[in-house]
Protein chains: 4
Amino acid sequence: MTNSVQPRGAEKRRRLTAAATAVLHRQGVERTTLADIAKEADVPVGNVYYYFKTKDDLVQAALGEHSAYLKQMTDALDAIGEPRERLKALVAAWVEQKETAARYGCPTGTLTVELDKRADGILDVEAGRVVRQLLDWVAAQFTAMGHANADDLALTLVSGYQGMSMMAGALRDPEVMTREGARLVGWLDGL
Amino acid sequence: MTNSVQPRGAEKRRRLTAAATAVLHRQGVERTTLADIAKEADVPVGNVYYYFKTKDDLVQAALGEHSAYLKQMTDALDAIGEPRERLKALVAAWVEQKETAARYGCPTGTLTVELDKRADGILDVEAGRVVRQLLDWVAAQFTAMGHANADDLALTLVSGYQGMSMMAGALRDPEVMTREGARLVGWLDGL
Amino acid sequence: MTNSVQPRGAEKRRRLTAAATAVLHRQGVERTTLADIAKEADVPVGNVYYYFKTKDDLVQAALGEHSAYLKQMTDALDAIGEPRERLKALVAAWVEQKETAARYGCPTGTLTVELDKRADGILDVEAGRVVRQLLDWVAAQFTAMGHANADDLALTLVSGYQGMSMMAGALRDPEVMTREGARLVGWLDGL
Amino acid sequence: MTNSVQPRGAEKRRRLTAAATAVLHRQGVERTTLADIAKEADVPVGNVYYYFKTKDDLVQAALGEHSAYLKQMTDALDAIGEPRERLKALVAAWVEQKETAARYGCPTGTLTVELDKRADGILDVEAGRVVRQLLDWVAAQFTAMGHANADDLALTLVSGYQGMSMMAGALRDPEVMTREGARLVGWLDGL
DNA sequence: AATGAATGAGCATTCATTCAT
DNA sequence: TATGAATGAATGCTCATTCAT
């Protein structure tokens with residue numbers, strides 16, 4: 001019936017993961033119910049538990065999705081010849097998401113903020129991993145550019161992204177992304 | 001019986017506000033129950049409602065507390081002669097809070113992130129106001145320094161604070177605050 | 001200070017009783033809070049308990065008020081020479097209250113209906129007493145008219161009043177009172 | 001396992017509706033907790049919300065039950081040849097319920113009285129509809145009897161029912177129903 | 001694998017009543 | 001007497017999770 005190679009269930013799992021990623025970004029973890037996710041994925045609530053044992057499993061899947069998305073994006077950027085251009089393209093990609101950022105913030109960032117408040121550190125560690133993944137790739141570009149303090153520079157760039165996303169959200173103004181994005185590009189050019 | 005000049009109830013109201021501010025910062029809005037706040041303030045749960053009609057009223061009170069704290073801090077900074085020095089002192093104050101930031105993020109920032117996810121815009125507007133309050137004061141300093149693009153510069157500075165707080169939290173590393181704080185000071189000096 | 005002969009507190013007690021009677025009629029017993037009554041009487045909530053030990057005491061006071069009002073009305077009607085005319089004047093008085101009846105029903109009747117649902121029979125007995133008080137006076141008029149079955153006739157008349165009040169409320173139509181009132185008058189004339 | 005043709009859930013929904021109707025009649029809306037209804041239906045409290053989203057939904061269901069019961073009764077009465085006999089049979093049915101009426105009043109009437117006290121008009125409108133449903137059927141019988149003022153006569157008959165139910169309750173005397181019922185039958189015969 | 005239906009712990013909120021002064 | 005404040009037991013409702021089929 002399915003014209004895909006994958007097993008039947010895998011598709012539904014992916015659908016749930018995608019739904020979780022989207023809804024959790026929009027509503028936050030605590031304000032999102034399993035029913036919300038199930039509805040978005042068009043899957044009966046009871047069935048969700050066949051694929052994810054707990055709500056936290058779905059949050060973890062969303063984190064995985066973010067990680068995969070990041071990987072895919074950086075892989076694509078790797079096709080660009082110059083490391084500086086790769087970073088500039090990364091900033092451009094961020095700015096492109098300005099409308100979403102102004103409404104719901106950086107998907108990874110806001111999720112991390114929420115998970116960081118938890119007393120038990122399980123998912124927050126996972127969230128930290130995703131942030132570090134981005135940080136590492138950025139640092140690699142700075143290293144390729146010949147900078148010794150690549151880690152510091154990476155921190156500054158990613159921090160800049162998080163900051164501008166937060167400010168765009170707080171001020172409900174996408175143009176914050178444009179302005180700060182331009183500044184980051186200028187900074188990259190001046191390095 | 002009381003050695004204070006203030007009315008009896010006002011003290012408890014302040015106690016509740018302070019408790020709310022602290023607990024909401026630590027646990028986030030959604031994960032915090034009224035019982036949590038009541039317990040922190042050492043007030044019976046039922047009594048909370050004598051002072052605050054709803055949970056959201058407590059959140060709003062916490063926002064007010066942030067605003068007042070900000071006012072007090074900037075008032076103190078105003079005593080410093082040079083606007084550039086004022087801003088550098090502001091950054092220093094941020095860095096001083098590094099342990100807290102690394103554990104729970106920027107109090108105003110994380111609260112704003114959470115409130116921004118709400119569908120109905122009431123408290124998120126209030127949160128935006130607090131962010132803007134800081135932004136305005138910072139912009140005034142840049143204006144005093146003779147910069148025409150004070151608003152942009154203010155955005156960059158505050159955005160830098162939000163970004164470094166978020167990164168410190170994600171990486172669970174207070175030193176992020178030290179490093180990025182130093183960079184901001186350098187940036188201020190170079191302006 | 002007070003230019004009345006009565007003790008200071010008595011006035012407040014009357015004020016509370018009047019407020020209770022009015023608010024209980026409008027909102028019903030269960031939907032009325034002590035605060036509602038206190039506010040209507042312009043008395044601090046805590047002070048209510050000095051005059052009435054429990055909420056039920058206030059309900060009982062309202063029943064007493066109804067009884068007193070009834071007494072006063074029938075006393076006034078007693079001034080009319082003919083018993084038949086007294087009854088017709090009673091019906092006219094009911095019809096005069098048509099707007100209130102269409103909105104909130106008969107004060108005594110609706111209160112009785114609500115109290116009758118209680119498992120413990122204390123206040124409902126009291127309510128029954130008030131209804132009986134009216135019934136007795138009406139029966140006396142029928143006796144004076146020379147009817148042997150005065151009790152039955154009284155039941156019919158008062159039942160008619162209760163029925164038309166309920167219907168006026170259900171249909172939200174004061175004219176129900178006018179029409180049924182006219183019928184009762186015709187019935188009285190035909191006896 | 002089930003020897004019924006109906007879906008599993010429908011049966012429980014009916015059970016809850018029946019329980020709500022019964023308990024609400026006995027205790028009144030405000031004095032009835034969801035736990036009361038759940039217990040009467042032998043359903044866990046949390047599960048009630050699977051079938052009814054709010055307590056008011058349950059009240060509405062009870063109103064629907066009354067409407068359905070009324071429909072069923074009048075349908076049965078329609079089998080009787082003469083309209084006057086139909087009405088007399090209706091009165092007889094009312095009198096048959098005298099024990100219940102003397103204890104808890106007319107199910108529809110007392111519910112309406114309580115709902116009418118609400119400030120917001122949603123359920124009270126629904127309650128009015130049920131009263132009107134009875135009124136309409138009765139009026140149709142009077143029309144069939146050749147009366148031009150069928151609406152007025154219907155009002156008088158139903159009003160008589162409400163009045164006698166209320167009085168039976170207030171006096172805690174089922175015989176009130178018998179006596180007033182007989183009077184109504186006499187009135188019908190005399191028309 | 002799929003699904004409608006449980007289940008019960010938890011939470012915000014209300015309110016009659018009491019207390020301290 | 002008067003009053004603001006305190007108290008705690010309820011109550012409606014939500015929701016993650018489990019169950020039965």
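Lettering follows sequence order; numbering is per chain, from 1.
Base pairing analysis places E:dA1 opposite nothing; no Watson-Crick or G-U wobble pair with both distances below 3.5 Å involves it. Using N1 to N3 plus N6-O4 or O6-N4 for Watson-Crick, or N1-O2 and O6-N3 for G-U wobble, each under 3.5 Å, E:dA20 pairs with F:dT3.
Contact annotation for D:Leu34: backbone-only contact, meaning every heavy-atom pair under 4.0 Å involves sugar-phosphate atoms and none involves a base.
A straight line from CG of A:Asp57 to P of F:dA16 spans 14 Å, rounded to a whole angstrom. Atom CD1 in A:Ile37 sits roughly 12 Å away from atom P in F:dC15 (whole-Å rounding). Remark: P of F:dT11 and CD of D:Glu30 are 12 Å apart, rounded to the nearest angstrom. Computed from coordinates, the C:Asp42 CG to F:dA2 P distance equals 13 Å when rounded to whole Å. Atoms CG (B:Asp36) and C1' (E:dG10) sit 12 Å apart, rounded to a whole Å. Atom CZ in C:Arg15 sits about 13 Å away from atom C1' in F:dA2, given to the nearest Å. One can place CG of A:Leu58 at 11 Å from C1' of F:dA16, the figure rounded to the nearest angstrom. Distance CZ (A:Phe52) to P (F:dT17): 13 Å, rounded to an integer number of Å.
Annotation: of the two residues near DNA chain F, C:Val45 and D:Thr54, the 5′-most nearest-nucleotide partner is C:Val45. For D:Val48 and C:Arg31, each mapped to the nucleotide of DNA chain E holding its nearest heavy atom, the one lying further toward the 5' end belongs to D:Val48. Annotation: of the two residues near DNA chain E, D:Val43 and C:Ala35, the 5′-most nearest-nucleotide partner is D:Val43.
Phosphate contact (OP1/OP2 of F:dA6, side-chain N/O of B:Lys12, threshold under 4.0 Å): present. Within the structure, a side-chain polar atom (N or O) of C:Asn47 is placed less than 4.0 Å from OP1 or OP2 of F:dT3.
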Q: Kindly determine whether A:Lys12 and A:Asn47 satisfy side chain to side chain contact (heavy atoms under 4.5 Å, CB included), including the steps that lead there.
A: CA-CA 10 Å; A:Lys12 215 181 237 183; A:Asn47 197 11; 2.8 Å; yes
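Among E:dA12, F:dT1, F:dA5, the nucleotide with an atom closest to any side-chain atom of B:Thr33 is E:dA12. With distances taken from any side-chain atom of C:Tyr49 to the nucleotides E:dT17, F:dT17, F:dA6, the minimum falls on E:dT17. For A:Tyr50, the side-chain atoms get nearest to E:dA1 when compared with the rest of F:dT1, E:dA1, E:dA16.
The side-chain heavy atoms of A:Arg31 and B:Glu30, taken from C-beta on, include a pair separated by under 4.5 Å. In this structure, the side chains of B:Val125 and B:Arg129 come closer than 4.5 Å at one or more pairs of heavy atoms.
Classification of C:Asp36 and C:Arg26 as a salt-bridged pair fails, no side-chain N sitting under 4.0 Å from a carboxylate O.
A cation-pi contact, defined as under 6.0 Å to the ring centre and within 45° of the axis, is absent between A:Arg13 and A:Tyr50.
Rounded to whole Å, the separation between the P atoms of E:dA1 and F:dT21 comes to 22 Å.
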